[in-house]
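Note sheet for the following structure.
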Number of protein chains: 2
Amino acid sequence: MDAPTAFTSDQESRAHDAQHHSLRLWLRLLSCTTHIEDHVRQRLRHKFGTSLPRFDLLAQLERHPKGITMGELSRRLMVSGGNVTALVDQLQAEAAVQRHHAPDDRRSIRVTLTPAGRRQFARMAREHEEWVMELFDQVEPERLRQLFELLGELKHSVRQRAGVLDQE
Amino acid sequence: MDAPTAFTSDQESRAHDAQHHSLRLWLRLLSCTTHIEDHVRQRLRHKFGTSLPRFDLLAQLERHPKGITMGELSRRLMVSGGNVTALVDQLQAEAAVQRHHAPDDRRSIRVTLTPAGRRQFARMAREHEEWVMELFDQVEPERLRQLFELLGELKHSVRQRAGVLDQE
DNA sequence: TATTGTTATACTCTATAACTATA
DNA sequence: TATAGTTATAGAGTATAACAATA
């Protein structure tokens, strides 16, 4: 677990190698994500007094101006329904989001951003982008582009294998 | 946020583009990691009744057979000292790890795997590898290798920018 | 009956700060 | 004084299960 270079072949079996390589790739992926996440989380908290899950919820609403149901939020954010209720409660208390009863199905609730919520999210998203760009700026743009593409392939594979429905 | 393809140039400024591209790359990275993490976390819980933080702690010990201090664990796992105390308490109660007072500095404590802890970790690590390999197996090995390399570059950049000390 | 969302509860991980025992 | 580790406390996020209202 200490060779910093790429995969090396040895006398082990192919399958065994593939396992180790997969694990090392996963650990590296996790390490990158954790560092970025910590950085972003800390800044979101200090500068905006918010958290990543709350930011992500707002981001989902921003993508769906007509609103999105609690169940949809639960699926997209991959957290339980009770959880979404709590998050939406908080954001509603801060007047960042609103609940609307759906006219056709009165069990269902559509959540939307308030104008103030939209403005607040825009401010956070702008800074968020700057933080991330700064973290990445030692890598050439072309390399970042390749990375984006390869991660797309990985995501596809993981989704198939894990049976995730997924957003984007 | 819905074009599934790579970056596209438009009339926006270069800087603005770079920001958006960085953000999209970050979101894709986060999405991949989250899916894999959920998958692995769920299996660790159901098959071994453990969690990712606990697995990670054992993994650190496995890399350092002579033991590692509480403070070192705190830095490597990037969590607070109080936290490490709680995790080590649990693992010690399960007889997976041991605390030894350092002979030279009696404030300091070295934590090591017990033989049983080492065996248990080996079992978990082997399955862990299989789960991950399965998730990745829709991507060609050569592409996985490229991804590993690019993530190395990214990690380097992030570490420099975020000022992380880091393990591995 | 099945589905949507809420409530209640509990657990894990986390940070912070006060504390102890050494150095 | 400074450092290593612990304790105590609080808070966020999460899952689960029981529940109400509606379909």
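Numbered from 1 within each chain, the chains take letters A, B, ... in sequence-line order.
- Counting to the nearest Å, the P atom of D:dA15 and the CE atom of A:Met78 are 10 Å from each other.
- The distance from atom CZ of A:Arg75 to atom C1' of C:dT3 is 11 Å, rounded to the nearest whole Å.
- A:Ser51 has a side-chain polar atom (N or O) that falls below the 4.0 Å cut-off from OP1 or OP2 of D:dG13.
- Nucleotide C:dA23 holds its P atom 13 Å from the CD1 atom of B:Ile109, rounded to whole Å.
- Residues B:Arg126 and B:Phe121 are not in side-chain contact: their nearest non-hydrogen atoms beyond the backbone lie 4.5 Å or more apart.
- Rounded to a whole Å, the CG atom of B:Leu77 is 12 Å from the P atom of C:dC13.
- The distance from atom CZ of B:Phe55 to atom P of C:dT12 is 19 Å, rounded to the nearest whole Å.
- Computed from coordinates, the B:Glu37 CD to C:dT12 P distance equals 17 Å when rounded to whole Å.
- Comparing A:His46 and A:Met70 by the nucleotide of DNA chain C that holds the closest heavy atom to each, the one mapping nearer the 5' end is A:Met70.
- Under the 6.0 Å cut-off for aromatic ring centres, A:His128 and A:Phe55 qualify, their centroids lying closer than that.
- Distance from the side chain of B:Asn83 is smallest to C:dC13 among D:dA15, D:dT6, C:dC13.
- In this structure, A:Ser80 reaches the bases: a heavy-atom distance under 4.0 Å links it to at least one base atom across the strands shown.
- Using a 4.0 Å heavy-atom distance criterion, B:Gly82 is classed as a base contact.
- Taking atom CZ on B:Arg41 and atom P on C:dC11, their separation rounds to 18 Å, with Å as the unit.
- A:Thr114 contributes a side-chain N or O that, together with a main-chain N or O of A:Ala96, makes up a donor-acceptor pair within less than 3.5 Å.
- For B:Asp89, taking side-chain heavy atoms from C-beta onward, the closest of the listed nucleotides D:dT16, D:dT7, C:dC13 is D:dT7.
- Between the side chain of B:Ser157 and the backbone N or O of A:Gln138, at least one donor-acceptor pair lies under 3.5 Å.
- One donor-acceptor pair, N or O on each side, does fall under 3.5 Å between the base of C:dT3 and the side chain of A:Arg107.
- Using a 4.0 Å heavy-atom distance criterion, B:Arg99 is classed as a sugar-phosphate-only contact.
- With a 6.0 Å cutoff to the six-membered ring centre and a 45° limit on the axis angle, B:Arg123 does not count as a cation-pi contact of B:Phe48.
- Looking at heavy-atom distances under 4.0 Å, B:Ser74 makes no contact with the nucleic acid at all.
- In this structure, A:Asp105 places its CG atom 12 Å from C1' of C:dA2, rounding to the nearest Å.
- Comparing A:Arg106 and B:Thr69 by the nucleotide of DNA chain D that holds the closest heavy atom to each, the one mapping nearer the 5' end is B:Thr69.
- Within the 4.0 angstrom heavy-atom criterion, only backbone atoms of the sugar-phosphate kind lie near A:Asp104; the bases stay farther away.
- When distances are taken from the side chain of B:Arg45 to each of D:dA15, C:dT6, D:dT14, the shortest belongs to D:dA15.
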